[in-house]
Amino acid sequence: MSISLKANSDLERIAFTDGAASSWKATGADPSLTINYGKLRKRYLVLALYSDDLPIDPCIYVQRGEGFTERDSVMIQKGTSFLVVADIGNFGTIDKIRLDPSTHPSSFSFDAHTFSQLSEVNEFLSTAIKDRSDVVVTKLGRIPRFTLLPQTAWRRGRANEISTFAQSCYSLADNLPDEGAQVEGKTLLSIITPIYNTDVKYLEDLIGSFSSQNISGVQLILSDDGSSSEDTIRWLKQPHGPNVVVCFSERNCGIAAATNAGLKLAAGEWITFLDHDDLIAPHALKVIKTALLRACDVEFMYTDELIVDDNFRPIGSMLKPSYDPVLLTGVNYINHFSIYRRARLEQIGGLRLGFDGSQDYDLLLRYLDGVEENRIVHLPYPAYWWRNTKRSFSSVFLREATDRARKALKQHFQRRKLDIDVVPALTHSLHKVVFGEPEGGWPEVSVIIPNKDSYEYITSILSDLFHKTNYRNFRVFVADNGSTDKQVLDLYERYRAEFENFSYEIVSEDFNFSASINRGIRGCPGENYLLMNNDIRVIEPDWLREMVSCLRFPNVGVVGAKLLYPNDKIQHAGVIVGFGGLAGHWYVGQPRDYGGPMNRLHVRNSLTCVTGAVMLISRECVEAVGYLNEEDFAVAYNDVDYCLRADRAGFRIVWTPFACLYHLESASRGPDTSGARRVRFAGEQSRLQAQHATAMFRDRSINPMYGTTHSVPPIVVPSSLVWPEQLQRPVGMRLSSENRLVK
């Protein structure tokens, strides 16, 4: 973006020649010149000011989002020749600096320059100092770049959190060395952008975000889809630099066709896509390039995103988990940047026509078919700015885009020989895959309920199972550890007499949840085992069918449910290992319909752990992993321990919001906050940390930029860039000319 100047009434431009400094005359006592360098710009700004006659006393004003104030002014000693250097960064919501050239009438020449590299700045300064021995050089260093959104207190806090996080990420990336110097002259990455009647402002911003990256080995392809706008066509026909390719279609054929046309011109080994009204974040291409040069065995990569307004102010974030194929069937959380190998893209035929609005989702599902999960990498860097203009295809034609997304999903499962239906999730535009009845019928589930006395609770849960649950192929086993209440004993006998699929066993012993569950597993037939507390209440009849359905996803061994407190607040939406140095439920206490980040609490997710209060385990998982650890985790953390062991054994753990129940949470036992219970609980905490290193655990089901101190995780300010395991360079290794790690 070019520099623009705005003078106040005490300043008059005398002359301006293209390519030369402009001449000015201060006619009053308070002249000022505002230099606007744009939100996307080269990193360094140099102001050159030369008096034509008398010495002048200039003053520079920077701002911190509150306008130009005296406390942010920099006085410069009186003289006739001045150079001012500022590190303005490649982007920022603050895009202006003010120069007051003098406090009295004077004449002077002025020019402003921007540079990408510090070496270019030093070369310019060296030349200028040789020409003028009396020049005063003022270095402002790094000046403020961001302002906050002037909204409500909550929004101010959220905007501040996101802005601070983003600024830290971009500052860290700014200092990242370019590892690709040895592959200069080659195109590593091609960025394809389909264009159709795009506003010139958006095109300027887009090209500015690309050119400000100042990185080699990347290529931007603008593929026009038969635009009818003269302004758009005129702009596209202008020269945009050697790394920008423009192609035109004679007629409008849709996003997929335009993208495929650009793909034919791509020279890069890797391909990514950029929407015509979005932007590349600062230093994103350097970070991505570094990652690609390290990605020896990687087949696919994706990054995080910021949601920005028209002034590039962050108003939201998309901080993504590691690759989760279950989550992907509910929402295209991967979105931008999706970085593909060109060879595989060409092999699958590029984008398909007829999926406009969801063409990227269809491509993603087809591309990832058959790709091993360890070759899919999430790069946790906010590399993409999604501009929230509400004018994109998917926003305007949301219904059509949603229908096409579900068509792509159905075909995805058909390629796996599964006939499914797709219906709305808890957010209507998101998806729930509905599996039909398995061949041979729904498998048997053994429901195991630990209990002692607690007549009210055991009565309610048994009634809910036998009368409010529409899944028929189940049996119930109550693992009782010493009931003496005659009402409870009579209840057991009534159920045993009435239902062949009910049984119980009373063993007088101290309460040990793990031992009770293990007793049930050993004594029950069935293909799956459902662990269930006695203080659970059924809400909707389909809950058990939903949990069993989740076992149809590949490699799933454990399934958890959504649990609510009686006041309809969330009690369990998944367990995050590492919270509080141990493990904890996230988004506890949020409203029942709360969607969470990217609305992922409205669809199924893979997690590292779910609660044992309602937890389905497949027989295959039990045979591979074993039983609950009744020695070390009698009451607490047995579910965390088991899920971590299942995860290490290669089983997926899935949480579903479509099986929703009430949980009174230990209502029949009381809390573990005093006496022997407290001692036992502390011991189980210590053993969890010792056996699973939970204090240092990084749960891949949440983004590494989320903190682990609160149930509602804050965004943390990183102190270093985070590289996924597949991209971490071993000590003593370097990149060869073939982009391989060598000693």
Side-chain angles (χ1 to χ4, degrees), residues 319 321 324 326-327 426 513-514 531-533 535-537 539 543 547 550 558-617 628 633 635-644 646-647 652-667 669-673 681 684-685 688-689 692 694-695 697-704 706-716:
L319 305 185
D324 180 0
V326 176
L327 177 59
L426 299 186
F513 181 87
S514 297
L531 287 55
M532 177 168 270
N533 282 17
D535 54 353
I536 298 295
R537 299 292 178 269
I539 298 174
W543 67 276
M547 295 187 74
C550 289
V558 179
V559 181
K562 177 179 179 179
L563 302 182
L564 304 174
Y565 290 117
N567 64 359
D568 276 334
K569 301 293 186 181
I570 291 175
Q571 187 265 336
H572 175 252
V575 175
I576 305 301
V577 180
F579 270 19
L582 294 157
H585 296 204
W586 69 338
Y587 297 105
V588 171
Q590 296 300 307
R592 174 176 181 162
D593 295 330
Y594 180 70
M598 301 180 294
N599 271 331
R600 61 180 289 192
L601 301 190
H602 285 179
V603 295
R604 299 168 178 133
N605 285 251
S606 297
L607 291 168
T608 304
C609 184
V610 293
T611 182
V614 181
M615 186 166 84
L616 182 68
I617 309 175
L628 273 65
F633 305 105
V635 179
Y637 299 113
N638 38 59
D639 45 9
V640 179
D641 169 72
Y642 192 87
C643 286
L644 286 170
D647 179 72
R652 186 177 301 282
I653 293 94
V654 169
W655 173 86
T656 173
F658 310 123
C660 186
L661 307 99
Y662 285 120
H663 184 205
L664 305 185
E665 195 177 21
S666 304
R669 292 187 56 256
D672 297 324
T673 56
F681 183 63
E684 289 169 336
Q685 288 182 318
L688 185 73
Q689 289 184 325
H692 297 291
T694 56
F697 195 92
R698 171 48 65 186
D699 195 323
R700 64 181 182 275
S701 63
I702 65 168
N703 190 284
Y706 281 125
T708 56
T709 56
H710 298 85
S711 177
V712 178
I715 299 175
V716 298

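Nothing fancy with the numbering, it's 1 onward along the sequence.
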- Task: Kindly indicate, with the supporting measurements, whether the criterion side chain to side chain contact (heavy atoms under 4.5 Å, CB included) is fulfilled by Leu426 and Phe658.
- Result: CA-CA 8 Å; Leu426 299 186; Phe658 310 123; 4.0 Å; yes

- Dump the intermediate steps for side chain to side chain contact (heavy atoms under 4.5 Å, CB included) on Val588 and Tyr565, then the final yes or no. CA-CA 9 Å; Val588 171; Tyr565 290 117; 3.8 Å; yes

- Message: One pair to check against side chain to side chain contact (heavy atoms under 4.5 Å, CB included): Phe697 and Thr708. What are the steps and the verdict?
- Response: CA-CA 10 Å; Phe697 195 92; Thr708 56; over 6 Å; no

- Message: Could you go through Val716 and Tyr706, starting from their C-alpha distance and side-chain angles, then the distance that decides it, and tell me whether this counts as side chain to side chain contact (heavy atoms under 4.5 Å, CB included)?
- Response: CA-CA 6 Å; Val716 298; Tyr706 281 125; over 6 Å; no

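Closest of all the heavy-atom pairs between Arg537 and Leu661 is O-CB, 3.3 Å. Nearest heavy atoms, His663 versus Gln571: ND1-OE1, 3.1 Å. Across all non-hydrogen atoms, the minimal contact from Cys643 to Val610 is SG-N, 3.7 Å. Contact between Ile539 and Arg592 at its shortest, heavy atoms only, is CG2-NH2, 3.8 Å. Scanning all heavy atoms of the two residues, the minimum distance from Cys609 to Val577 falls at CB-CG2, 4.0 Å. Of all non-hydrogen atoms in Ser606 and Ser701, the two that sit nearest each other are O-CB, 3.8 Å.
The distance from atom OG1 of Thr611 to atom CG of Leu563, rounded to the nearest 0.5 Å, is 6.5 Å. Here Leu607 contributes atom CG and Arg600 contributes atom CZ; the two are 6.0 Å apart, rounded to the nearest 0.5 Å. Expressed to the nearest 0.5 Å, how far OG of Ser514 lies from CG of Asp641 amounts to 8.0 Å. Rounding to the nearest 0.5 angstrom, the gap separating the CZ atom in Arg604 from the OG1 atom in Thr656 is 5.0 Å. Once rounded to the nearest 0.5 Å, the distance linking CD1 of Ile617 with CD1 of Ile653 reads 10.0 Å. How far CH2 of Trp586 is from CG of Asp699: 8.5 Å, rounded to the nearest 0.5 Å.
When the shell of 6.0 Å around CZ of Arg652 is examined, it contains more than 12 heavy atoms from other residues, nucleotides or ligands.
Side chain of His602 to main chain of Asp593: a donor-acceptor pair is present (N/O by atom type, distance under 3.5 Å, no hydrogens or angles). Using modelled atom types, one side-chain atom of Asn605 and one backbone atom of Val603 make a donor-acceptor pair closer than 3.5 Å. Counting only distance, with no hydrogens or angles, the side chain of Gln685 and the backbone of Leu582 share no donor-acceptor pair below 3.5 Å.
For the pair Val558/Val654, no side-chain contact is recorded, criterion being any heavy-atom separation below 4.5 Å from C-beta on. In this structure, the side chains of Asp639 and Leu531 stay at 4.5 Å or more apart for every pair of heavy atoms. In this structure, Asn533 and Val614 have side chains that are not in contact, with every pair of non-hydrogen atoms separated by 4.5 Å or more.
With no hydrogens or angles considered, no side-chain donor-acceptor pair links Asp535 and Tyr662 at under 3.5 Å.
Using cut-offs of 30° and 60° for the angle between ring planes, the Tyr594 and Tyr587 rings count as tilted.
Between Tyr637 and the choices Phe681, Phe513, Tyr642, the ring-ring contact (aromatic ring centres under 6.0 Å, His included) rule is met once, by Phe681.
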